[in-house]
Protein chains: 4
Amino acid sequence: MTEEINLLDEMLKEDDNLTDKQRKILVAATEMFAEKGFAATSTNEIAKKAGVAEGTIFRHYKTKKDLLLSIVTPMMVKMLGPIIIKDLNKVLDKDFERFEDFVRAMIINRQEFLEKNLKVVQIFLQEIPFHPELREQFIEHIGKKVVSRLIQIVGHYQSKGQIVQLPATTVIRLTASTIMGYFAAKYIINPKWNDEEEINQMIHFLKKGLTPDE
Amino acid sequence: MTEEINLLDEMLKEDDNLTDKQRKILVAATEMFAEKGFAATSTNEIAKKAGVAEGTIFRHYKTKKDLLLSIVTPMMVKMLGPIIIKDLNKVLDKDFERFEDFVRAMIINRQEFLEKNLKVVQIFLQEIPFHPELREQFIEHIGKKVVSRLIQIVGHYQSKGQIVQLPATTVIRLTASTIMGYFAAKYIINPKWNDEEEINQMIHFLKKGLTPDE
Amino acid sequence: MTEEINLLDEMLKEDDNLTDKQRKILVAATEMFAEKGFAATSTNEIAKKAGVAEGTIFRHYKTKKDLLLSIVTPMMVKMLGPIIIKDLNKVLDKDFERFEDFVRAMIINRQEFLEKNLKVVQIFLQEIPFHPELREQFIEHIGKKVVSRLIQIVGHYQSKGQIVQLPATTVIRLTASTIMGYFAAKYIINPKWNDEEEINQMIHFLKKGLTPDE
Amino acid sequence: MTEEINLLDEMLKEDDNLTDKQRKILVAATEMFAEKGFAATSTNEIAKKAGVAEGTIFRHYKTKKDLLLSIVTPMMVKMLGPIIIKDLNKVLDKDFERFEDFVRAMIINRQEFLEKNLKVVQIFLQEIPFHPELREQFIEHIGKKVVSRLIQIVGHYQSKGQIVQLPATTVIRLTASTIMGYFAAKYIINPKWNDEEEINQMIHFLKKGLTPDE
DNA sequence: TATGAATGAGCTTTCATTCAT
DNA sequence: TATGAATGAAAGCTCATTCAT
């Protein structure tokens, strides 16, 4: 049912010229960066946790920041981007009859992605305020493509008369906010709710909220 | 029209036993923490920016973390909490006939707050993942009170038949997500939109989305 | 029975131009220096313990070292010296018939002194390795006088045929070592012994050990 | 004639996993601690004197206090203890006919030890008042063993009727005081005396002083 | 390739001391 | 006289990074 992949594992396996040590470093660094933040994690700690010498880290990653980028950039550039696009195609290709079906597919799709890449996403969200390059990379390589794709989709359902004639970006924002609010609640507050029911209610809310005014 | 106050200024003026230097330290630290993050800001930088000796910082704040807390805790404990409560009273006391009027009042009220305290809120959001005490303090002193208040309010409008009979927390989440999505877009992406129109659309969306099903 | 005085109290009372604060500083500093050593005690700690402002210390004592000297020098220069001399006179004037009576008087006399000035003596002994001036002061102002006096006394009892014809300094060393060993055991190891009996045994040991060889 | 070893040299040579730099650090630290005291010696000074970077010190010794302990503890735990025991055995095994012969052997034995380890012993004596752990370590690991051994020995000579029937601890105290008084005079006052003669007189004094009363 | 000792700049914090009030 | 805020040098210590092995 799920063909989603864990980005980190993927990266580790796929890349054949990755040493065993290198894998260990990436895993350890991901763990620590997520927990304490990039700036507050020392290369010494990472080395210890990875069970390698400190020098080994710098043999593979010129600087500490390089290490961060090698965790977070692939997620965006190599994986997040293509995957999103691919997934969106997948979603669109099925040509869901109704907007609400499309939204449901999106939610489930992103949910699986999140579930498998929590740590890296967490690092990304935590560090993006402090690294302008990260921000720019994200906007340039991912953001723009995703947004333009979504605009098409919104237009598609608007032209079918299923959703209200607001600016596409507004529709996207309202929808995305609602979905991300759901994820935030789920992963930060961690409530004991029934996922399926909650998703149904959310979609019902979106459907009603975005229904064209008569 | 706005009686909102800038938290930092407030703190600086109100507290009579704050030295001039201490004020400068707080302003400089807020600036730097917001920009580079707590861990990546050195006390040396803060001292230079504040135009004081480094020792002066530690005369007033036992540790660097103390300095962070003395910026962020008052916001929560002394100011955010009471203000929210007071504001909510203000909002509720008017007993807005319609849920949408209440939401509009809330948006404007929080908008003003945000506008005047962007930096401190930014620090708070950026640092909360790395400081468990901050998280606990926030939940204990602020979160719980605010949520229980909002639950009352939702119940109020539900009993008037204005909004759908979902669990109050779900209603709150859907509403809050939408509003926060608006703020996120406004302050992060900084689009050139028409605030008033955007707010109107958002409220319309919420109203429709939360209308009771017939 | 005892006319011994507590050096610190003496100093505090006697000196009329000592402020109340100054007294508190001296008491606090003595306490801390004895406990943690001079170098490891901060003026801040002393100020807190004394209940005065840090500046007040430096109003009275130009430097931290000045404070140390003003505790330890009077003990030597003003008090230890004269007192020893005076006391020795007292002891000698009685012209104890036997050497052992003289020794006993000495032990009791020094015991009382120690008992009342443990802290200051402790500071003196602890700090003397690190402060050459202290060492020189002691030798110059106290040591020489005391030694030359003791040489006279030893000569006195040697000429009476009561003690062996060794160099006076050797006799002094053997006697002083024995007495100081007793004090060291008493104040450092703090054994549960009978003081009087122990002193009797010690004197008996000295008497036998220093008896002229036939 | 002497098989005594210099503790520090011993430590430095023996331990094969000691870096060259580490050796230099230990030598420099010993020098400085002896001269200025632990608290008054800065790690910066030690680094300069050792010709290493300051960071190097902390790579090998987690804290400055660690450095002190790594100089002083081995002396007690690994070396002083066993050596004393071993030496005492050596001394006892010869089963000196007379108590005075035993004492003489002891003096010479300890004299050699002192001569070769003056600095470390000096540090130990100077710092013990300020470091309770040091005190406890010493009592636990060294003091108790040495004392119980000495009690046996005293009993041995008492049963042979050579020394007076005082409590063994009293005999030990009187003897040790006399010997340590000799060492104190020798190493602190540094008199120009004839060692051998002085030792003979001291032993004669002890013998007479501890002779059983008829 | 991997190590880990070594570095020195820079970190947070402490300190004795000064000085305006 | 007494204060305590302010100082800046120096403390102990951490850090990312280098390099000989």
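By convention in this document, chain letters (A, B, ...) are assigned in the order of the sequence lines, proteins followed by strands, and residues within each chain are numbered from 1.
S42(B) places a side-chain N or O within 3.5 Å of a backbone atom of E45(B) that can act as its donor or acceptor partner. Judged by distance alone, the side chain of E127(D) and the main-chain N or O of F38(D) form a donor-acceptor pair under 3.5 Å.
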Evaluate I128(B) against V72(B) for side-chain contact (heavy atoms from CB on, under 4.5 Å), listing each step before the verdict.
CA-CA 10 Å; I128(B) 211 162; V72(B) 141; over 6 Å; no
Could you please spell out the steps behind the side-chain contact (heavy atoms from CB on, under 4.5 Å) verdict for T19(A) and I25(A)?
CA-CA 10 Å; T19(A) 332; I25(A) 291 168; over 6 Å; no
Steps toward side-chain contact (heavy atoms from CB on, under 4.5 Å) verdict (K65(D), H131(D))
CA-CA 10 Å; K65(D) 186 147 196 175; H131(D) 308 272; 3.0 Å; yes
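You'll find the side chain of Q126(A) stays beyond 4.5 Å of the side chain of F33(A), heavy atoms only. Residues L26(C) and L67(C) have side chains in contact (heavy-atom distance under 4.5 Å, counting atoms from C-beta outward). Between L69(D) and L134(D) the shortest side-chain heavy-atom distance falls below 4.5 Å.
The stretch residues 50-66 of chain C comes close to DNA chain F through V52(C), A53(C), G55(C), T56(C), R59(C), H60(C), each having a heavy atom under 4.0 Å from the strand. Near DNA chain F, defined here as any heavy-atom distance below 4.0 Å, there are no residues from residues 31-46 of chain B.
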Can you give me every donor-acceptor pair (side chain of residues 47-54 of chain D, partner residue at least two apart or in another chain, under 3.5 Å) with its distance?
unit_1	atom_1	unit_2	atom_2	d
E54(D)	OE2	T43(D)	OG1	2.8
E54(D)	OE2	N44(D)	N	3.2

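Contact between A39(D) and A39(C) at its shortest, heavy atoms only, is CB-CB, 3.6 Å.
For E140(C), the side-chain contact (heavy atoms from CB on, under 4.5 Å) criterion is met by K144(C), not counting sequence neighbours.
Mapping heavy-atom proximity under 4.0 Å, the span of DNA chain E touched by chain D runs 5' to 3' from dA5(E) to dG8(E).
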Base-pairing string, 5' to 3', of DNA chain F - Watson-Crick or wobble, under 3.5 Å, | interstrand
.||||||||||||||||||||
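Heavy-atom contacts from other residues, nucleotides or ligands closer than 6.0 Å to NZ of K36(B) number more than 12.
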